[in-house]
Each structure stands twice: as C-alpha cells, then as structure tokens.
Amino acid sequence: KADIMDNDTWDPFQLNPIGAEKEEKRRCFELFQHLVAAFVGIMVLSSAVISKGSLLVLSTLSSPTSTRTSKERQYYMLMLVGCLVMPNLLVFLKSLWKCAFKNFVPPNMRTMGIVCGIECLVSLGTSILVLVVMPQFDVLTNLFISGGVCMLSSVLQIVFRLQRENWKIIFPICSLMLVLTGYFLLGADYYVRVTSYVSGQENDCYWYIGIAVFASFLVSLNWWENPVQASNNMHEMLAELDTFRDFVFVISSLLRIVVIAAVYLIYHVLIQENIVWHKETLDIGLTVLFLQAFFSAACHWFGVVACKIHSVRMSFAFPVCFTGPAVLILGMILFLTQSQYLAEADTTSIIDFCSSLVDLSTKNTSTVVMLELTKSICRTSLSSHYWTWPFSLLALEGICMWLGLITCTYYVWNFKVQRIERTTELFVRRLYESAFIDLSLLLNTKMKVVQTRNQESVVDDVENCVIYLCATMWHETYDEMLKILTSMFRLDRYRGDPKEEHKDVFDFECHIFVDDAFMIDKETGKKFINEYVTDLIHVVIEVYRVFTNKEPDDVSIIETPYGGRLMFVMPEGNMLYFHLKDKQLIRNKKRWSQIMYLYYLLGWKGYIVKNPQKITRQNNPCRASLISLDGESFLLPQHDNDSKRKHISDDNTYIMALDGDTDFHPAALILLVDRLRKYSNVGAACGRIHPTGMGPMVWYQKFEYAVGHWLQKTAEHVFGSVLCSPGCFSLFRGSALMDDNVLKRYTTTATRASEYVQYDQGEDRWLCTLLLQQGWRVEYNAASDAYTNSPQEFKEFYNQRRRWGPSTLANTLDLLHSGNETVKRNSSISRLYIFYQIFTVSSSILGPASVSLMIAGAFQFVFKIEGTLSIIISVIPPIFYLLICFLAKPNAQITIAAIMSVLYAFLMLASFFAIIGDMAMQGTFITPTGLFLISMAAMYLVTAILHPQEFSMIIYGLMYFICIPSGYLLLTIYSLVNMHIVTWGTRETNKEKEQKKTQNVLCDRNCKLCCWDMKLQVTQETDNLMLQQLQQAVNPNTQVTQQVVHEQKPNTKEVKNNAPNEENNEEISPELLDRKRAKKDLEYDTSAYSSIEDDNDDNHDDDDDNMLYDDWVQPVKEEFLKKLTYANMKRNLQEQIRYTLRNKNQEDVCEELVMMLTDTVNGELKDKVGPEDVLSDSQLEELQYALNEAARRILKTNRMERLERRVKRAIEKTLIAPQVEKLTEDEHDFWKKLLERYLAPIVDDKAHKEEVTRELKSLRNKAVFLYFIINVLWIVATFFLQAIGNDVISIKIQKVWPNGTSSGEYLKVEPLSLMFLLSFAVLLVVQFLAMLYHRVYTLIHVVSYRSTEKDYIPKDEVSDIC
C-alpha cells in the first residue's frame, strides 16, 4: 500500500471508497413522507368525525323528546357519563404509573389546591353541558353550541396581548364578538321556534340556553394555562406545577370523575329502580360508547403524531378545524339520502315528513339511531308551520361559532415545530376532552409566542452544540481506516464551512487516538511511527484526494508528552486530529484513550474557554485558512470553535465515541444529537450497529445483532433504559460524563479480580452503568445506522465474547445490587424494570441447562431415546468440554469448541426437521412445542417485515438456530473458565516480532563473505548526507540545495512579527542540521529510550525558530511535502481554484483562471525542476508572487476584483508546506500532569501479577461453581420429573386439531418445562410489544428528520470569504 501512495506522475489512478459520493435526498422517501402525512391527516379527520358524531348520537338518544322509553334514555345517559369518564380514567392510570414507577415529587398544597379547584369547575361545566343541556337541544344546536368554549381563551389573549404583530389582536377580538353573536342568534332562533309553535319546543328552553352559556364558560377554564404560560405570568407557579404534575393529574382525575357522577345523580335524582335493557339497546349503547371513547383517544394520538412529523397544517390544523363542517355535511347527506327509506314517512314536504315521524316509534323497521337523528333535525325551524327562513338563524349561529373557534386558534396554522418535540411542548395539557375533541386539540395547542412585546422569542431556537468525534484505533487495517475517515469527511461535507450557519446548528471536530503508534529501531535506538500510522497517513491522503482531487492543504505536526499529534484541515474547514500514543509514555487500550480525550476535551478545553486570559499564545505565525480548536496554535478566534463554545454549556457539548472501523452517515449522527438535544435527562444514545464481513460467523452475528436490537434493546428503551451503549457508535453528553461518580470513577485502575473483569473487559458497558447509577438515561435510536467489522474467524469471535460475557454479567449484577439507590436516582428505572432485568439475567444463567435440555429433546425426536437417557447423553458433551477448558490451552479449547459446534449444528438441523415431522405425524401443530416454534417464527417474520431495510437478516435465522448450542452453551463455558485471561484477545500482534525502520530505505542487503556476516542498509538521510559531502568536496563554493525541507513560514502578510527574519532564508549546513536533530527538548520525557544518543554540543543558544524535533517527525513531514512537487502542485492548484470558485455564476472565470495559472506554473518551473522534485522556500515565494499577479490581471480583466482575496487564499493554501509546531506551555503542563495522575504506564511487579492471577482464578472458580450448581439443579429437577413419569406428575393439555375441534386425546407436559416455556414466551411477547411501540416513534422521528433535512442543492451564490 505504501507504494501505491507514492504520488508518481505515471500512477494518477485511485480507489473511491463506498459512500464517498455526494449525498442527495431520496425521492422515494419524500413520496413516502407525503403519504404518511396524508394518512395521518385522514385518520385525524375521520376519528374526530366519528368521535363527535358518536357523542351527538348518544345525546340525541338520551333526550327527553326521544321516542325511547325512560329506562332506555337513562341507559344512554349512563353511556354519556362513560364517555366523559374514559379520558379521565386513562390519564389517571398513566399518571399513577409514572408516580409509582418513575419519580414522585411531593406537591405544593397551595398550587395543587388551585389546580384541582379549576379542574373541578371544568368538570362541572362539562357535565352540565353534556348531561343536562345537550339532551334538551336538537342535534344541530348541539353541534354548534360547543364552539363557545373558546371565549375565555379569546379574552386572555386580548388581555395579555400575546400577538407577535399588534394588528393580529383583531383575531381574538373577532373571536369573542363572533361567539357572543352566535349565542344571540341561538336565543333568537329558539324565540322563533317557540312563537311559531315548532313541535317539542317549550318555554323553559331559555333557561337551558343561559345554563349552556354558563357551562361553556366553565369549560373554557380548561385551557387557562395556555395563554398564561405564553404571557410569562405566574411563571413560578407553572414551573413548580411541572415538577409534580403527574401527582396532580392523579388527584384531579379522581375529582373530575366524582364531579361527573355527582352531576348525573343530582340532576336525575338517582335511579330508584332496576333498569332492564333490551339486547338491541345494549348493543347500540356499548357500540357507540366504544366508538366515542376509542376514536377520541385515536384522534388525540394522531394529532400529536401530525405535529411531530412536521405536518401541522395539512395533517392537524386543517382536519381538526373542519371537523365540525365535516360532521354537518355527513349528517345532512345521511338525512337526505336515508330519510326516504323510513317506513310510512311522507316525503312530499319537510313539514309533512316531520309530522309523519310521530307515529313511527313502534312501527318503524329501520335503525333506531337514524330515526332519532331524523326526529331531532325536525325539531328545528325546518318544521315550522309558518316560514322556514328562521332556519337561517341556526345556520348563522353555526357559522359564527365555527369562525369564532378558527379566529381564536389562528396561531395553530403558523405553529412551528422543532425536529423532535415532546408532547408537553406541543400541548399544554396531557388530558383531552372527549366531548369536544376537535376544540380540545386546537385550544390545547401550545401558544409559542414572544415572551415580551415586540421582541423575538428565543425559546423556540435550537441551541448550538459542539460535537467531538473521538475514534480509538488499535491495529486497524487499511480498509478499516478507510471507513472511519470516509465517514468523517462525509460529515465535513454535510456540515460545510464552520463559519456559516447550518440547519442542524452544530459544529464538530474529529479526533483519532492511535494506540501503540510508535516503534523503536533496535539498531539505532530511534523512534519512528509504525506501519499502522503509516497506513493511516496514506489513508487520509487518499480520502482527501477522493473528496477534493488534491492533497491536504494544511497539515501540522506537533510533538506531545504522550507521543505526537497530526493536525489537518478538512476540505470544508473543519478540523481533524491524529493523536499518536507512545505506549512507553502513556497507557494504551481503549479505556485509557477515552479517559485521555475526555479530560482533554471536557476538562482542559472546558477550562481554557472559561479562562481565556490564562492561555499563553505563541509567537508562531498563523495560517489564516486554519480554524482550530487549539487557540494556542492558530490566532483566529472569530473562526475558532473555542470561541463558539464559550456560549455553549456542557449540556450541549457532546462526545461521539467511535471505533477505528466504524462507518456511518451524517444522518445517523444527527438523529442521535436530536435525542440528547431534546431530552435533558439523556446522558447517552446509541444507534443500530450492523456487523459487516463474510463467512458463517458473520452470518450468525448478523441475525444475533438484529434480534438484539429489534427486541432486547427496544424493550430496554421502552420499559426503562438501555444498559449498554456500544463504544463503536455512541453519543455522550458532556455534562453527564462530568457528573459526580462518572468520569472520576472511570479513571479507577483495576487492582482486584472483579475490577479487571468489570472495568477493562467491557469499558463501554461499565461507563453506561456509571451513568445509570448517577441518574442519567441511555437511549436507543433504531434509525441511526452504523456499520462495523465483526470477527470473521471462530477464534476471534470466541475471544471477543470471552471479554464481553463476564463483563456484561458483572455490570448487570452491579446495577441490580444497587437497584434501590438507582431507582431513587434514575427516573427511567423502576422496580418493575429491575424485576425484568432479574428475569433476563436468570434466563441467561440458565442458558446452558436450557440448551442441554433442548439437545435432549433433539435426541428424543431424532433417535427416539427415552427422556431420562437423552438428558444423560445431552450433559456429557458440556461436562467434557468443561474439563477440556480447565486442562487445555485456550487455542486447543477453541479448536475443540469449533468441532463440537459443527456436530451440534447437524443435530439441531435434524431436530428442526424432526419437530416438523412430529407435527405432521400428530396431525396438528397445536402443541406446546409446535405453538412455540411457529409463534417464534411468525414473530421474527413480522418483526423483520416491520424493519424493511433489514428484512434480509431473516435469511440468517436458520444459521442462528443451528448455532444456538455453540453460542449459548460452549461459548458460556469457554467465557467462564477463561475469565482469568484479561488480555484483549483481538487485533493482537506478536510482541517478539522485531520491528524495523522502513521509512526511506534505499538499500537493505545481507552479505556473506567467508566467515563474516554483514548487513548493509542505506537510507535517504545517509544518501543525502553523502551526496552533499561529495558535492562540497568537488565544488566547495557551491551551496547544496537542502533535501530535507524544514518548516515553511508564511508570507510576510501572515507573519505576526513583521520584522524580516533572515535566518529563515539561509541554508542550513549538514553539520548544524545533525546537531539540531540530535538535540532534544528537556521538557519531554525521553527516559524510556536509553539508546538515544545524547548531544553534548555546546551550541545551546540557537534561535527558537529553528525548532528541534524527534526522529519520527521528519519522515512524516516528508510524506506530506510530496504535495509541493511540480507534478502534484499543478493538479492541486487546479482543483483548489475550481473548489474556491464553485458557484454557477463563476464557471467562466474559474476555467480561465485554471488555464492561465497552470501556464504560469509551467512557465516558472518547467525547465527548472523535475516532476518529482520538492520546491524550495525561495521557489515557492517566487511562484506565489507570479501566481498572485496573474490572478489579479485575469480578475481585473473580467471585472471580478471582489474574488481576488479568495483566489489569493486558494493559491496560498496550495503552496503552504506542512508545519512542525510545539504545544503551548500551558497545554504541555496539562498533559504532563494528566499523565502523571491518571495515564502513566502501569508497571506491575511480578509479585503483584501473580497475586492478581490467583485472585482471577479464584473468581473464575466461584463463577463456574455457581453456574454449574444452578444449571445442574435445573437439569436434575427435569431428570427426576422424567424419571417419575408423566403419568404421576404432568400437566394434561387437550389435543386440538388445526380446525379447532377437540381430538379427545391429551398431551402430557412436565410442569418445569411448561413453566419455562411460558415464561420465555411471555418475555418475547413483552419485547415484541415494546418493539411495536418503538417502531412507531422511530418512524415519527425519521419522517420529521427527513422533512427538515439539509438541502443538498448547491447554492447559486456564496458570500465572499474575507
């Protein structure tokens, strides 16, 4: 691979990694998004119409003017009571659940008293309006009269002046006037009815109109909190109420139910006699009650979904606002089309038609509902014997009431929703009013208006955040490095220029921490980067070419106390850092790398942004193109993320933990950011991890990961909190990691056996355990996809799970042990969830015994062996393998496990077909085993269908099934017995292998002459030195061109000290170069390298600008200097100009510039240097001047002088060389203290290692013994039940044929087996239901993200970069 990256002119070809192409919106998903919005809108409208229509039907059937008997009317009245009670009951149950299993805050009695008093008044008004008033009116009046419940909201909007623009106050004023006009028209309409002697109208109707107005006012108190919270009045009371709102809802819901019952009993003076209902009546009442209650809840839920998917106008405001007109239109259509089918009804005129309905109560054969609704409509002015024009009064009343509601809730049409919203941020109240579902949704929609008059609100603005992408590398391959860097460059392209605003409002930086990055040349004692870092450098150059067609522009090389650092500016201007760790200076392994970057990014960076006056600035000149978080290196505070982070709290500082082979897209990261940004109690969030690779082991892991995420992780997310957020792709909140007992405890060095298992074998799970114990929530987002390499070899897979298994068990037991304290601190974890985890842990502990019994069943099915004998045979292989694991070496254990896995796979496959054959012979699948197998297959199939992008995973289900004995029996034994081995087990290298320096080796030969063995090696350095000495000897007056180019200095415009420094232009002699290269900075810890020669030269007073650096720096610098060759420079300059002038209106001048500047480069260098020669400082300065002049002339000719600064910046970035820099004194001191306190290499003496080994083996023995005893007890219990016989102890289950008929035979099942089968089935059903719930909300999040996703269409104009 190193040869491929040599940048030879004859090898310009490259490999484009998958996923490097530009992102674009998927049109099919846009169509799906519109379909979802349309479906939700239809469901909102239809459910609201059914809910409102059902209530009108019940009020009509319970009316005193109905032709139903008094007992029937009382029954329908009870159904109306049920409609009012149902939403209160649902809220009571939900609030009681949260108080009991989440968190309980003692309420403020004064605040709770006020709220409960208001709720009682609201319930009183609702009960009077629905149970007392509405049965007295006709169905059309009942439809219109409910619009008056918006009167108080209109008044409060006028009083508090809640409008953004002053002129919009006309809306609540018009609403109030329209409502009052509607009530006046209602009175006028009933006056005309009474005076024109309309049938069924009495003089007492005026009292009911007055009561209706009073009750509507009481109902309007329901939404008092909405305008009050928008006006910022009573802010303290509302903020206090939010803390114990659940408990208030528990009490207020009960009070509301009591008030509803009291109104019913008082008004109807209690029912003195038993009510006997006919079957027809019972069916109608229960059906209408179910429709009203169910569709009211459905309308509320779909309304919430419509807002969350950003379809407020089409799917929420429009359907809800037009619910009333839709009910009216539907009712009139039914009236006009169905009235002619009423028996013996006269349809010649409306008056005759209504008169003929009087005698149809006993003769009619049509539906009761249609008859009563028709008679109710006939009670209006339509049946007046004088004129029908008074009916227009009722129509005008309806129009006024409807327009009053629309103008009161005008703000809903401009309701702005963030990408992900809580329901409490969309609606003020959790409770909905089922009697007025459409009005309840509109008036309950939260008023997101300005807090003060004529001032923009900042509440709705999304706060900016900083994301640090931190990847840890440990011996990754070239292809694996290519994945992570491609992902980072994709994110750079998605984010764009950090100086510009982004739709997702975030800034980011990438940090890669490379463990074991250096090697020591055994012959010279010098330190160089190893082959992994060499590959990493080649990869970043390759990826940079793929994304920009040029070399990296700005590269810095920095020596650090922990090793070294490489710093890059990605194409769009975001920063990329490589932190090279020297294992002799700092601890290696992933956990210590995490501690390293957490203290650096959260501790040190958080300190310097809050104390900027304490930062010591260097006098090094800066490059204006760089924007770095390291303010000490680059002096551009206006473009510096640190300056942005001054205004960003630790809550909005996120750490993205990655592995060195993770592949992801920007959308996956943004979806996780949404979760942390919206929910302040979420400390970490993880995505869906997809294993990649080929082979049987990968196939097994694909289905294992799929099932784990589909069912287990979703259940943890829904019922409590995710226990493990994998370190390969997880987003952590900075303030959560900085919390007490988290990061500080995470730095604990393992000293005891249990600590080695819990701390170092699964660091990501332990970190999540610390977060959970401190009260933070960990979430799972199924739409955030990431891909990582999985073990492809059997040995690597077993070694990986050997670490994961004991660590998982240790951390889960630790969490369960602290369950009481965790439940108190963590609102997401309840005692019920602790019980769920106890059950899952118990199931995993019993896994070996369960698999053994399953194998025994396979022997019974396949070989027809008796139950007791099959159990004995099934336990022999596990015991044999257990002994092997204690006696043999790990490699031999794995080899034997592989052989046994193959044998078990054949047996499981035979068992699978034997079970199918047994069901065929039995003639039915309705047996415990058959039902379990079929239900499992059906459940996994449905689950896969609900994950359409992952449906292909179901193919690997059979592979997973036949590998169950290997994964749950042999692997468990191997993990437990080898618990004392705490090495990583994967990506290990041979430490005894001699590492040799390979950089710039020109000749490497072993020569034999007689009895002498000679080794001859010529490097680039020695070759250059010899060439210089020869040229000096031939012509002493000729100055040799220096081959090793030192640090490039920017032009005089960029130099902080404007005074000319002549030393920068002088050539350095070879002797001085050697002395300075050998000289070491005393601040660096070089005691680990005793073979490095000390320089005793007396010249210690050299200028600081001639920096001295370690041996590894020069080869790295030379790798990046290849961009300054003649051949590469032309291509880089062309692509840099094209990228700078990439707007559509600059294409002509761009191509002219490219052509002319290329000609300028050819004219300046063609006959002076070779295509592979690196330009010197003087040549670069001359070339830059010539290019600037040529560009100025071209731009002036095209009248595009405004682009001159951008073009000059592009030329400068092309010609700039990699720079070698030093850390500031403050940061250097920080790293020294951090290494000394937490990260110094661990050196254990032999006695301590032996003691730890003894403790680990003792812990291993205890764990194995505990597992062994529990599983043996389970197997022995099953064995004795088999030995006693099914006739003595068994559960008889009737055998049923597939058509549902009984066969007359009985199946005998052991109690233990049936209990375990049922328990496992219940667990799967619970996880399946959790998956359904999680799928719906994942869909909501994805649709909302796609509706606000970044537009990938390039802009026509981009503002000039100054």
Side-chain angles (χ1 to χ4, degrees), residues 41 44 48 146-179 219-235 238 299-300 303-324 400-419 421-430 432-433 436-462 1344 1347:
V44 171
S146 60
V149 299
C150 64
M151 64 175 74
L152 182 62
S153 180
S154 300
V155 172
L156 293 179
Q157 289 185 52
I158 297 171
V159 172
F160 293 135
R161 304 294 296 272
L162 300 179
Q163 297 72 34
R164 290 180 182 270
E165 293 86 11
N166 290 333
W167 67 270
K168 287 187 177 180
I169 196 174
I170 193 173
F171 287 107
I173 293 176
C174 289
S175 174
L176 185 61
M177 294 176 62
L178 288 169
V179 169
V219 175
S220 65
L221 292 173
N222 199 5
W223 302 281
W224 67 272
E225 191 177 341
N226 199 359
V228 169
Q229 61 86 23
S231 65
N232 210 17
N233 289 301
M234 303 173 65
H235 179 71
L238 296 179
C299 182
H300 178 263
V304 174
V305 171
C307 294
K308 289 188 174 184
I309 64 174
H310 294 237
S311 184
V312 177
R313 290 188 179 182
M314 186 180 82
S315 303
F316 177 74
F318 179 82
V320 175
C321 288
F322 285 89
T323 296
C400 289
M401 290 295 190
W402 181 69
L403 291 178
L405 175 66
I406 299 300
T407 52
C408 178
T409 58
Y410 71 94
Y411 56 87
V412 175
W413 293 87
N414 296 319
F415 190 60
K416 294 183 179 179
V417 182
Q418 297 179 11
R419 175 176 295 158
E421 288 275 20
R422 287 183 172 183
T423 305
T424 55
E425 295 173 349
L426 298 173
F427 300 95
V428 178
R429 295 169 54 83
R430 184 181 305 153
Y432 63 91
E433 293 295 335
F436 323 102
I437 186 62
D438 52 339
L439 294 93
S440 176
L441 287 175
L442 289 174
L443 294 171
N444 198 28
T445 304
K446 204 166 190 176
M447 297 181 186
K448 295 186 177 182
V449 297
V450 293
Q451 301 300 304
T452 58
R453 185 178 176 182
N454 298 329
Q455 182 180 356
E456 289 295 327
S457 174
V458 297
V459 175
D460 297 337
D461 296 336
V462 179
S1344 66
S1347 62

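Values below: every heavy atom of this structure, side chains too, minus hydrogens, waters and symmetry copies.
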Engineer: Rounded at 0.5 Å granularity, tell me how far CG in Asp438 sits from CG in Leu405.
Structural biologist: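 Asp438 atom CG to Leu405 atom CG measures 7.0 Å (nearest 0.5 Å).
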
Engineer: Roughly how far apart are Leu439 CG and Thr323 OG1, rounded to 0.5 Å?
Structural biologist: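 Leu439 CG to Thr323 OG1: 9.0 Å, rounded to 0.5 Å.
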
Engineer: To the nearest 0.5 Å, how far apart are SG in Cys299 and CD1 in Ile437?
Structural biologist: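 Interatomic distance, Cys299 SG to Ile437 CD1, rounded to 0.5 Å: 4.5 Å.
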
Engineer: Looking at residues at least two apart in the chain, or sitting in another chain, which of them share a side-chain hydrogen bond (donor to acceptor under 3.5 Å, both in side chains) with Arg422?
Structural biologist: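 Per chain and number, Arg422 pairs via side-chain hydrogen bond (donor to acceptor under 3.5 Å, both in side chains) with no residue.
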
Engineer: Judged by atom type as modelled, is there a donor-acceptor pair below 3.5 Å linking the side chain of Thr407 to the main-chain atoms of Gly404?
Structural biologist: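 Answer holds: yes.
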
Engineer: Taking the side chain as every heavy atom from C-beta outward, state whether Cys150 and Val179 have any atom pair closer than 4.5 Å.
Structural biologist: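 Yes, their side chains come closer than 4.5 Å.
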
Engineer: Specify whether Phe171 and Tyr410 have parallel, tilted or perpendicular ring planes, treating 30° as the upper limit for parallel and 60° as the lower limit for perpendicular.
Structural biologist: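 Taking Tyr410 first and then Phe171, their aromatic rings lie parallel (interplane angle under 30°).
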
Engineer: Please report the interatomic distance CD(Glu225) to CG(Leu156), rounded to the nearest 0.5 Å.
Structural biologist: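 Nearest 0.5 Å value for the CD-CG distance: 12.0 Å.
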
Engineer: For the residue pair Tyr411 and Asn226, what are the closest heavy atoms and their distance?
Structural biologist: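 Closest heavy-atom pair between Tyr411 and Asn226: OH-ND2, 3.5 Å.
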
Engineer: List in chain and number order the residues that pass side chain to side chain contact (heavy atoms under 4.5 Å, CB included) with Leu221, two or more places apart in sequence or in another chain; answer none if no residue qualifies.
Structural biologist: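 So Leu221 forms a side chain to side chain contact (heavy atoms under 4.5 Å, CB included) with Ile118, Leu121, Val122, Leu152, Leu218.
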
Engineer: Can you list everything that forms a side-chain hydrogen bond (donor to acceptor under 3.5 Å, both in side chains) with Ser175? Sequence neighbours excluded, please.
Structural biologist: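 Testing Ser175 for side-chain hydrogen bond (donor to acceptor under 3.5 Å, both in side chains), a comparison that skips the adjacent residues, returns Ser154.
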
Engineer: Could you pull out the closest heavy-atom pair between Ser146 and Phe436, with the gap in Å?
Structural biologist: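 So the minimum-distance heavy-atom pair works out to CB-CD2, 3.6 Å.
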
Engineer: Among all residues two or more places apart in sequence or in another chain, which pass the side chain to side chain contact (heavy atoms under 4.5 Å, CB included) test with Ser153?
Structural biologist: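 Listed in chain order: Gln157, Cys408, Leu443, Met447.
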
Engineer: Return yes when atom CE of Met314 has more than 12 non-hydrogen atoms of other residues, nucleotides or ligands closer than 6.0 Å, and no otherwise.
Structural biologist: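 Yes, because the 6.0 Å sphere around CE of Met314 holds more than 12 heavy atoms from other groups.
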
Engineer: What is the minimum heavy-atom distance between Ser220 and Met151, and which atoms define it?
Structural biologist: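 Scanning both residues, the minimum pair turns out to be OG-CG, 4.0 Å.
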
Engineer: Between Asn444 (side chain) and Phe427 (backbone), is there a donor-acceptor pair under 3.5 Å?
Structural biologist: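 Checking the backbone N and O of Phe427 against the side chain of Asn444, no donor-acceptor pair under 3.5 Å is found.
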
Engineer: Please identify each residue that fulfils side chain to side chain contact (heavy atoms under 4.5 Å, CB included) with Ser440, with sequence neighbours left out.
Structural biologist: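 Side chain to side chain contact (heavy atoms under 4.5 Å, CB included) check on Ser440 returns Trp223, Tyr432, Glu433.
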
Engineer: At their closest point, which heavy atom of Pro172 faces which heavy atom of Ile158, and how far apart are they?
Structural biologist: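 For Pro172 versus Ile158, the nearest heavy atoms are CB-CG1, 3.7 Å.
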
Engineer: Within the structure provided, determine whether Lys308 and Ser1344 are in side-chain contact (heavy-atom separation under 4.5 Å).
Structural biologist: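 Lys308 vs Ser1344: side chains apart.
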
Engineer: Rounded to the nearest 0.5 Å, how far apart are CG of Leu441 and CZ of Phe316?
Structural biologist: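 Taking CG in Leu441 and CZ in Phe316, the distance rounds to 5.0 Å.
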
Engineer: Would you say His310's side chain and Lys416's backbone share a donor-acceptor pair under 3.5 angstrom?
Structural biologist: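 Checked: no pair found.
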
Engineer: Considering only heavy atoms from C-beta outward, does the side chain of Trp402 approach that of Leu178 to under 4.5 Å?
Structural biologist: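 No. Closest side-chain heavy atoms not under 4.5 Å.
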
Engineer: Please enumerate all residues that pass side chain to side chain contact (heavy atoms under 4.5 Å, CB included) together with Cys321, with sequence neighbours excluded.
Structural biologist: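 Per chain and number, Cys321 pairs via side chain to side chain contact (heavy atoms under 4.5 Å, CB included) with Ile406, Trp413, Leu442.
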
Engineer: Looking just at side-chain N and O atoms, do Lys446 and Thr424 make a donor-acceptor pair shorter than 3.5 Å?
Structural biologist: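 Per modelled atom types, Lys446 and Thr424 side chains form no pair under 3.5 Å.
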
